[in-house]
Amino acid sequence: MSALIGSDWKSDRGGPAAEMIRAAGFEKKSIRRRITAVRDTLIVLAMQIVFRATMFLRHLNY
């Protein structure tokens with residue numbers, strides 16, 4: 001049994017229009033997840049750059 005179809009395997013929920021709707025919903029979530037991952041990665045990289053710059057300035061006794 002498919003989670004998308006439900007318990008009634010004879011139901012007519014298929015077809016090109018239903019596939020496009022499901023694909024569009026999946027793409028939207030996938031893009032949001034990618035944007036979130038990129039955002040989080042940039043935040044971590046920025047924090048790492050600030051930390052390393054601070055350590056370098058401490059090394060120079062600033």
Side-chain angles (χ1 to χ4, degrees):
M1 172 175 39
S2 174
L4 294 175
I5 294 174
S7 61
D8 185 13
W9 65 276
K10 292 182 180 180
S11 65
D12 187 22
R13 295 185 190 172
E19 289 297 323
M20 288 176 57
I21 290 170
R22 278 188 232 131
F26 178 73
E27 273 300 313
K28 195 176 225 181
K29 290 179 185 176
S30 179
I31 290 172
R32 285 182 184 163
R33 287 182 183 164
R34 276 191 208 145
I35 290 173
T36 302
V38 169
R39 182 199 66 198
D40 293 346
T41 302
L42 290 175
I43 289 170
V44 169
L45 287 175
M47 291 172 62
Q48 188 67 225
I49 289 170
V50 168
F51 175 76
R52 296 207 179 251
T54 303
M55 290 294 109
F56 180 70
L57 291 174
R58 282 190 67 187
H59 172 74
L60 297 176
N61 289 327
Y62 275 107

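It should be emphasised that the depicted structure is a prediction, and the values quoted were computed from it without experimental measurement.
- Grouping Ile, Leu, Val, Met, Phe, Trp and Tyr residues whose side-chain heavy atoms lie under 4.5 Å apart, directly or via other members, places F51 in a hydrophobic cluster with M55.
- Note on residues 45-57: pairs passing side-chain hydrogen bond (donor to acceptor under 3.5 Å, both in side chains), not counting sequence neighbours, are Q48-R52.
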Indicate every side-chain donor-acceptor pair of residues 35-45 with a distance under 3.5 Å to a residue at least two apart or in another chain.
| from | atom 1 | to | atom 2 | distance (Å) |
| --- | --- | --- | --- | --- |
| T36 | OG1 | R32 | O | 2.8 |
| T41 | OG1 | A37 | O | 2.7 |

